[in-house]
There are 2 protein chains.
Amino acid sequence: MARKTKAEAEATRESILDAAEKMFFEQGVSRTSLEQIARAAGVTRGAIYWHFRNKQALFEAMLGRVRNPMEARLADLLEQQRSIDALRDICVDSLRQLATSEHHFRVFSILFLRTESDTGLAAQEEISGRSVQLLQQYFGIPAVRNTLAADITPELAALALNSHFVGIYFQWLKTPDHWNLVEQAPALVDIIFRGLQRR
Amino acid sequence: MARKTKAEAEATRESILDAAEKMFFEQGVSRTSLEQIARAAGVTRGAIYWHFRNKQALFEAMLGRVRNPMEARLADLLEQQRSIDALRDICVDSLRQLATSEHHFRVFSILFLRTESDTGLAAQEEISGRSVQLLQQYFGIPAVRNTLAADITPELAALALNSHFVGIYFQWLKTPDHWNLVEQAPALVDIIFRGLQRR
DNA sequence: GCATACATACAACCATGTATGTATTTTTAT
DNA sequence: ATAAAAATACATACATGGTTGTATGTATGC
């Protein structure tokens, strides 16, 4: 086949990534072959091996397209020393984004449910690890810490909030049609915040 | 090789399941071959195919050895209409069991992190689904429901508690050496209960 | 004219599943 | 009770396909 222009090449690269995302989501990472991805992208394996070293590299590139949506906002929260209500908004928005963005839905579904690879775990760690760090620092701000219940350290608060969050992600991704995350998000977030704050 | 006695056969069956649990935990389900499991069990693939129809059946049998530790106690909780403090004890114990029983640790680690199969998800659903059902019914008991915060329905309470729990499981299984689950368990449980109960 | 962006062809390897062999155990018939 | 028959609990051998990686071809953009 003929050589493509630079822009066209970049387009096929993206379509390969799209196809990988789709197939990984539908079948799981280990059970989808490069041949299947190639077919879904309308190319052959040759194209995949041209753009990516192997399946592993393709997988990582696919994950790399999604950035943790919370992270930037958490950094801003910390820097601006915003109120805890602002954090609550971030949390609600984050849950809603998972439920409304097909792209995020698929990638996080792959990360949580459709991969057993170590790089998948590493990616999870990279994503949630930084968030926990930022949350810890935020809860350490005296004005914020004072609002926490008596025996809750910043570390514990960050851990609990993050775990609660991951649990909601996880549970909902398993059965997204079973309950409405967008509707329940505020109530679910309120519960954990009530648990963290002093009464 | 010679035929074994009935008891011996049952022993090799168990050793195969043990080996599968070990290898699935260490390498993930899809990346461990039956050959590896056989070697780890000190037998050949012939023995595996004698006791199990295929890898899938072996995987299910391996999962079948662990029953949800919470379920029986939740049923009792509901039947005896015990106080919410009893539920809190169950939750703490459940977390502690994960951290102290190597067997539970491995199997849940496989379920949450080391499989991408649909049967893995189905098993998760079966395990946590019933718990949520029981929790819903329990929170529906008037005396219990009255202790919940104003706008929290029994369904929401069960969902939130279960999600919080799953999140803790998930986070800790990823990095079990990073923090001490046994120590933190009571505090983590207290947080979610404070969030659920009226102040 | 040379590097590019693929398609095509080829080699090699696991992993699975099944078929077969076999030494015992267990059962059955006498 | 004992010998023959049958079933058991595997090990071994083999056939197959699916997947990966690489090597090569090739038309075209630059």
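Proteins get letters first, then strands, A, B, ... in listed order; numbering begins at 1 in each.
The neighbour count for Gln80(A) CD, taken as heavy atoms of other residues, nucleotides or ligands under 6.0 Å away, is above 12.
Judged as a ring pair (Phe, Tyr, Trp, His ring centres under 6.0 Å), the pairs with a partner in residues 70-114 of chain B (not counting sequence neighbours) are, in order, Phe170(A)-Phe112(B), Phe25(B)-Phe105(B), Phe105(B)-Trp172(B), Phe108(B)-Tyr169(B). For the side-chain hydrogen bond (donor to acceptor under 3.5 Å, both in side chains) condition, the pairs that include at least one residue of residues 184-199 of chain B, sequence neighbours left out, are Arg88(B)-Asp190(B).
Every residue meeting the side chain to side chain contact (heavy atoms under 4.5 Å, CB included) condition with Ser163(B), not counting sequence neighbours, appears here in chain and number order: Ile168(A), Gln171(A), Leu159(B). For Arg39(B), the side chain to side chain contact (heavy atoms under 4.5 Å, CB included) partners two or more places apart in sequence, or in a different chain, are Glu35(B), Gln36(B). Residues that satisfy the side chain to side chain contact (heavy atoms under 4.5 Å, CB included) test with Asn54(B), not counting sequence neighbours, are Gln56(B), Ala57(B). Residues that satisfy the side chain to side chain contact (heavy atoms under 4.5 Å, CB included) test with Val132(A), not counting sequence neighbours, are Gln136(A), Ala158(A), Asn162(A).
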Identify every side-chain donor-acceptor pair in residues 12-19 of chain A under 3.5 Å, counting partners at least two apart or on other chains, and give the distances.
| unit_1 | atom_1 | unit_2 | atom_2 | d |
| --- | --- | --- | --- | --- |
| Thr12(A) | OG1 | Ala9(A) | O | 2.9 |
| Thr12(A) | OG1 | His51(A) | NE2 | 3.3 |
| Glu14(A) | OE1 | Arg65(A) | NH1 | 3.1 |
| Ser15(A) | OG | Thr12(A) | O | 2.8 |
| Asp18(A) | OD1 | Arg65(A) | NH1 | 3.1 |
| Asp18(A) | OD1 | Arg65(A) | NH2 | 3.0 |

Seminar exercise, completed: Symbol by symbol from the 5' end, with Watson-Crick or G-U pairs under 3.5 Å, [ ] crossing and | another strand, DNA chain C is ||||||||||||||||||||||||||||||
Between the protein and nucleotides 1-7 of chain D, list the N/O to N/O atom pairs that are separated by less than 3.5 angstrom.
| unit_1 | atom_1 | unit_2 | atom_2 | d |
| --- | --- | --- | --- | --- |
| dA7(D) | N3 | Arg3(B) | NH1 | 3.2 |

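A heavy atom lying under 4.0 Å from DNA chain D marks none of the residues of residues 21-28 of chain A. Within residues 5-13 of chain B, the residues approached by DNA chain C to less than 4.0 Å at the level of any non-hydrogen atom are Thr5(B), Lys6(B), in residue-number order. Residues from residues 33-54 of chain A that place a heavy atom under 4.0 Å from any atom of DNA chain D, listed by number: Ser33(A), Leu34(A), Arg45(A), Tyr49(A), Asn54(A).
Look at NZ on Lys4(A): it is 8 Å from C1' on dA5(C), rounded to the nearest Å.
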